[in-house]
Amino acid sequence: DVERSRGLGDVYKRQISRYLMYTQVYFHHTVRGAMCLLERIVKRAMDLYRDGKEIEIHSDSLRKIMDGEDLKVEDYLNMDDYTIIGHVLMWKNSKDKILRTLCDRFLNRRLFKSLEFSAYSLSYQKFLENKNVVIKIVSKETGYDPEDVEKYYLMVDMSRDVPYKPYFYGESEEGAEPIYVLMQNSKIARIQDVSDIIRALVGKEKIKVRIYLPDDRCRKRIRTFLS
């Protein structure tokens, strides 16, 4: 894309808006926590289904996923937000305690509590090296079985984004093209060469790592252990 220099303001708005949408909305700890909890709900439902346990499923697309079948485009289109939330509403009355509890937490916004780290921090490295200890601490604090803690009650989420990078087509970044700016002297320059704002964003990957735990008591214990 080539933008005239007088149109840079609109380009800045677009790129800054994108940056803020990721940092303040898509990567917000509550949004990511709800997503992680929903993933655990589906995982528990899938584990029950594959173990032959009783579970209600009223979506052919969802059943195909649990059977490990490939989905067609129409299968994706038939499985929207209403499909998933409808099943969560059904499963909150499940005979299975874990599935019932997870669904209740999701529907009543009792989300898990988060601890945030840099991906390169000593605390996160300590977590990776001592994950079994963390599982035991959470199990002791909650009374949950350690195996269930690892599968459903201890969630690790890593979100990453590059605020601005040159555009490319397909899966390869080879030959990626930046936004070009047509200057007043009729020369063309890369936007990151003429803009301090874009230069501050270009190629800098933002990574957030969060550990989600069942309650504040667990969060305090784990924060103390990892500090």
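No experiment lies behind these values; they were computed from the predicted model shown.
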Examine [X] and [Y] and state if one hydrophobic cluster contains both, with Ile, Leu, Val, Met, Phe, Trp and Tyr joined whenever side-chain heavy atoms are less than 4.5 Å apart.
X      : Y      : answer
Leu77  : Ile84  : no
Tyr19  : Met21  : no
Leu128 : Ile222 : yes
Met46  : Met35  : no
Val156 : Leu115 : yes

Under-4.0 Å salt bridge between [X] and [Y]:
X      : Y      : answer
Arg14  : Asp10  : no
Lys53  : Asp96  : no
Asp67  : Lys64  : no
Asp215 : Lys113 : no
Glu147 : Lys151 : yes

* Stepwise side-chain contact (heavy atoms from CB on, under 4.5 Å) check, Ile98 with Tyr153 -> CA-CA 10 Å; Ile98 295 176; Tyr153 295 104; 3.7 Å; yes
Got a sec: does the [atom1] of [X] have more than 12 other heavy atoms crowding it under 6.0 Å?
X      : atom1 : answer
Leu122 : CG    : no
Lys72  : NZ    : no
Asp70  : CG    : no
Asp81  : CG    : no
Glu74  : CD    : yes

I'd like to know if the side chain of [X] and the backbone of [Y] have a donor-acceptor N/O pair within less than 3.5 Å.
X      : Y      : answer
Ser123 : Leu226 : yes
Trp91  : Glu56  : yes
Ser114 : Ile211 : no
Arg217 : Glu141 : yes
Ser121 : Ser118 : yes
Arg105 : Pro214 : yes
Tyr212 : Ala34  : no
Thr101 : Lys97  : yes

Under 4.5 Å between any side-chain heavy atoms of [X] and [Y], yes or no?
X      : Y      : value
Ile41  : Phe106 : yes
Leu99  : Ile55  : yes
Arg109 : Thr30  : yes
Leu102 : Phe112 : yes
Asp60  : Asp75  : no
Ile65  : Leu71  : yes
Asp157 : Phe27  : no

* Using the six-membered ring wherever Trp is involved, compare the ring planes of Tyr26 and Tyr22 and label them parallel, tilted or perpendicular (cut-offs 30° and 60°). =>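 Perpendicular.
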* To do: Assign the ring pair His87 / His58 to parallel, tilted or perpendicular, where the plane angle (0 to 90°) is split at 30° and 60°.
  =>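 Tilted: the ring planes of His87 and His58 meet at 30° to 60°.
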Check whether the side chains of [X] and [Y] place a donor and an acceptor atom closer than 3.5 Å, and report yes or no.
X      : Y      : result
Tyr12  : Ser195 : yes
Thr83  : Asp80  : yes
Tyr152 : Arg44  : yes

Minimum heavy-atom distance between [X] and [Y], given as atom pair plus value:
X      : Y      : result
Arg199 : Val194 : NH1-N, 4.3 Å
Ala45  : Met66  : CB-CE, 3.7 Å
Cys218 : Val138 : SG-CG1, 4.2 Å
Arg219 : Leu213 : CA-CD1, 3.7 Å
Lys92  : Leu107 : CD-CD1, 3.4 Å
Met183 : Ala189 : CG-CB, 4.4 Å

From [X] [atom1] over to [Y] [atom2], what is the distance, rounded to the nearest 0.5 angstrom?
X      : Y      : atom1 : atom2 : value
Leu111 : His29  : CG    : NE2   : 9.5 Å
Asp196 : Asp193 : CG    : CG    : 11.0 Å
Phe117 : Gln125 : CZ    : CD    : 11.0 Å

* Residue list, side chain to side chain donor-acceptor pair (under 3.5 Å) with Arg63, at least two apart or on another chain ->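 So Arg63 forms no side chain to side chain donor-acceptor pair (under 3.5 Å) with any residue.
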* Stepwise salt bridge (Lys or Arg N to Asp or Glu O under 4.0 Å) check, Arg100 with Asp104 -> CA-CA 6 Å; Arg100 185 173 67 248; Asp104 180 73; over 6 Å; no
* Asked: Given the rule in the side-chain contact (heavy atoms from CB on, under 4.5 Å) test, do Ile207 and Tyr120 qualify, once you have shown the distances and angles that lead to the verdict?
  -> CA-CA 9 Å; Ile207 304 176; Tyr120 310 104; 3.7 Å; yes
* To do: Before giving the answer on side-chain contact (heavy atoms from CB on, under 4.5 Å), spell out for Val181 and Arg190 the whole-Å C-alpha distance, their side-chain angles and the decisive distance to 0.1 Å.
  => CA-CA 6 Å; Val181 179; Arg190 300 185 308 171; over 6 Å; no
* Could you pull out all residues at least two apart from Val133 that satisfy side chain to side chain contact (heavy atoms under 4.5 Å, CB included)? =>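 With sequence neighbours excluded, Val133 shows a side chain to side chain contact (heavy atoms under 4.5 Å, CB included) to Asn130, Ile137, Phe225, given in chain and number order.
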* Test side-chain contact (heavy atoms from CB on, under 4.5 Å) applied to Tyr124 and Met158, step by step -> CA-CA 11 Å; Tyr124 182 56; Met158 179 178 290; 4.0 Å; yes
* To do: Test Leu37 against every option in Arg110, Met155, Arg32 by the side chain to side chain contact (heavy atoms under 4.5 Å, CB included) rule and name the one that passes.
  =>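 Of all the options given, the one that passes is Met155.
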